[in-house]
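Counting begins at 1 with the first residue of the sequence. Below, each value reflects all heavy atoms present in this structure, side chains not excepted, and no hydrogens, waters or symmetry copies.
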Amino acid sequence: MKQKWMIPMLAVALVACSSEDDLQNNCGKGTVTFAPEVASEIAQVETRATSGYELPAELIPAGEDFVLAIEGSYLDENNQTQNYAQSWTSVAAFNLEKPDLQAGTYTATFTYGDPAAEGVGKAYFTGELADFAVKASKTTTYPVSCKLANSCFTLQVTEWMLNYYDEIQLTIHTATNDFSYTMNSTEVTTLTFICPEQSLSFSGTAIKSQNGVAVEFPKTTIGTSTVAAETLYAISVDHGTAGAGSLTITFDDSFTEVEEVEVELNPDVE
């Protein structure tokens, strides 16, 4: 009689654990794989207009190269909630290992690059898959959307500025770094990546073409807002009207005027 009861009871347990909605630990373990997709288009702010910009292909990381971290919770055999946290050097390593996870609910975060780094080629990407389910005795593949998480800028001077000044040296300042450029054409500088949620400042030096007088442009905060993630800022520097001693800097949706200050090249010579 004892054996006759065990079979139906086991059958009931198996039926209960076969439900896709059942994420209890006593129903076993499951596996997942991830397929990150990286968005290449970001916003571009230029001369009071916002448009789209396609990041160069060489800056877009492969999805399998993202660092992966998983956190979540599940119920153990005593019906007590247990926390889980683990990380992998890459999605490729995780998918290859294909670890067994207790059936439960988890959140995965994906990162590529250094969030604190600034400079050419220092793009930082992130993605998140929140509250995904690990189902007992099943393998589930989840797509993940990742995007640029820092800001970037380019710098350009106008033809009028080049006609008015020689030996133009300009610097864009962030909270922790200075990026200096010798501007001798109207070509746009290489993309420079910077941390978001900060203000930028501008400074520089030049020689007036007409009379050879050296001038400097004092360090000045540009724009009216902080830089945003997933956004390119096309900074343009123009000289003012004829005879004017100032620059007009276009940044975000505003214009910043910077007055030139004449300097002595050899102040110690009498």
Asker: Could you tell me whether the side chain of L200 reaches within less than 4.5 Å of the side chain of Y233, counting heavy atoms only?
Answerer: no
Asker: Looking at E187, I'd like to know if its CD atom is crowded, meaning that more than 12 non-hydrogen atoms belonging to other residues, nucleotides or ligands lie closer than 6.0 Å.
Answerer: no
Asker: Between T189 and T154, is there a donor-acceptor pair closer than 3.5 Å when you use the side chain of the first and the backbone of the second?
Answerer: no
Asker: Show, in sequence, the C-alpha distance, side-chain angles and deciding distance for S199 and T226, and conclude whether the side chain to side chain donor-acceptor pair (under 3.5 Å) test is met.
Answerer: CA-CA 5 Å; S199 297; T226 57; over 6 Å; no
Asker: Relative to the ring of F132, is the ring of F34 parallel (under 30°), tilted (30 to 60°) or perpendicular (over 60°)?
Answerer: perpendicular
Asker: Looking only at heavy atoms, what is the nearest atom pair of V213 and N211, with distance?
Answerer: N-OD1, 3.0 Å
Asker: Hey, quick one: are V227 and F179 part of the same hydrophobic cluster, counting side-chain heavy atoms closer than 4.5 Å, chains of contacts allowed?
Answerer: yes
Asker: If we only count heavy atoms from C-beta on, is the F202 to I172 side-chain gap below 4.5 Å?
Answerer: yes
Asker: Does a sphere of radius 6.0 Å around CD in E71 hold more than 12 heavy atoms from other residues, nucleotides or ligands, not counting ones at 6.0 Å or beyond?
Answerer: no
Asker: Is there a chain of hydrophobic side chains (I, L, V, M, F, W, Y, each step under 4.5 Å between heavy atoms) that links W88 to V91?
Answerer: yes
Asker: To the nearest 0.5 Å, tell me how far K147 NZ sits from E128 CD.
Answerer: 10.5 Å
Asker: For residues K208 and E260, determine if any side-chain heavy atom of one lies less than 4.5 Å from a side-chain heavy atom of the other.
Answerer: yes
Asker: Quick one: CD on E159 to OG on S185, what's the gap to the nearest 0.5 Å?
Answerer: 9.0 Å
Asker: For residues L247 and H239, report the shortest heavy-atom separation together with the two atoms involved.
Answerer: CD2-CA, 4.1 Å
Asker: Which pair of non-hydrogen atoms, one from F125 and one from P61, has the smallest distance, and what is that distance?
Answerer: CE1-CD, 3.5 Å
Asker: By side chain to side chain contact (heavy atoms under 4.5 Å, CB included), which residues pair with I42, not counting sequence neighbours?
Answerer: Y53, L55, L148, C152, E230, L232
Asker: Show the numbers, then the answer: is there a side chain to side chain contact (heavy atoms under 4.5 Å, CB included) between T158 and S236?
Answerer: CA-CA 7 Å; T158 65; S236 178; 4.1 Å; yes
Asker: When you compare the side chains of Q169 and T205, does any donor N or O come within less than 3.5 Å of an acceptor on the partner?
Answerer: no
Asker: F66 vs Y112 aromatic rings, parallel, tilted or perpendicular, using cut-offs 30° and 60°?
Answerer: tilted
Asker: Have N83 and S73 got a donor and an acceptor in their side chains that come within less than 3.5 Å?
Answerer: no
Asker: Is it possible for you to say whether Y181 and Y164 belong to one hydrophobic cluster, with membership spreading through side-chain heavy-atom contacts below 4.5 Å?
Answerer: yes
Asker: Which atoms form the tightest heavy-atom contact between A228 and T231, and what is the distance?
Answerer: O-CB, 3.5 Å
Asker: Looking at every heavy atom in both K122 and F193, which two are closest together, and how far apart are they?
Answerer: O-CB, 3.5 Å
Asker: Spell out, yes or no, whether V188 and L162 are grouped together once hydrophobic residues are joined by side-chain heavy atoms under 4.5 Å, including indirect joins.
Answerer: no
Asker: Tell me, with the steps shown, if L170 and T182 meet side chain to side chain contact (heavy atoms under 4.5 Å, CB included).
Answerer: CA-CA 7 Å; L170 303 181; T182 298; over 6 Å; no
Asker: Do V261 and V215 have side chains that get closer than 4.5 Å, going by heavy atoms?
Answerer: no
Asker: Would a 4.5 Å heavy-atom cut-off, applied to side chains only, mark K29 and L101 as touching?
Answerer: no
Asker: Between E257 and T248, do the side chains contain a donor N or O and an acceptor N or O under 3.5 Å apart?
Answerer: yes
Asker: For residues L155 and V120: do they belong to one hydrophobic cluster (side chain heavy atoms under 4.5 Å, members Ile, Leu, Val, Met, Phe, Trp, Tyr)?
Answerer: no
Asker: Indicate, with yes or no, if the rings of F94 and F110 have centres closer together than 6.0 Å.
Answerer: no
Asker: For the pair E37 and C146, evaluate side chain to side chain contact (heavy atoms under 4.5 Å, CB included) and give the outcome as yes or no after the intermediate values.
Answerer: CA-CA 6 Å; E37 299 175 354; C146 298; over 6 Å; no
Asker: If you compare all heavy atoms of A206 against all heavy atoms of Y165, which two are closest, and at what distance to 0.1 Å?
Answerer: CB-CD2, 3.7 Å
Asker: If you measure from NZ on K219 to OG1 on T221, what distance do you get to the nearest 0.5 Å?
Answerer: 8.0 Å
Asker: Which distance, rounded to the nearest 0.5 Å, do you find between the CZ of F217 and the OG1 of T171?
Answerer: 11.5 Å
Asker: Would you check if the distance from the ring center of Y106 to the ring center of Y84 is below 6.0 Å?
Answerer: yes
Asker: Is any side-chain heavy atom of L68 closer than 4.5 Å to a side-chain heavy atom of T109?
Answerer: no
Asker: Given D166 and S209, is the side chain to side chain donor-acceptor pair (under 3.5 Å) satisfied, shown in steps?
Answerer: CA-CA 6 Å; D166 295 324; S209 302; 3.2 Å; yes
Asker: Flag the pair T139 / K98 as yes when at least one side-chain heavy-atom distance between them is below 4.5 Å, and no otherwise.
Answerer: yes
Asker: Say you draw a straight line from CZ of F153 to CD of E118; how long is it, rounded to the nearest 0.5 Å?
Answerer: 8.5 Å
Asker: Under 3.5 Å, is there a donor-acceptor pair between the T141 and T33 side chains?
Answerer: yes
Asker: Considering only heavy atoms from C-beta outward, does the side chain of T174 approach that of C195 to under 4.5 Å?
Answerer: no
Asker: Please indicate whether E97 has more than 12 foreign heavy atoms, meaning atoms of other residues, nucleotides or ligands, lying under 6.0 Å from its CD.
Answerer: yes
Asker: Which value, rounded to the nearest 0.5 Å, describes the distance between E167 atom CD and N184 atom CG?
Answerer: 11.0 Å
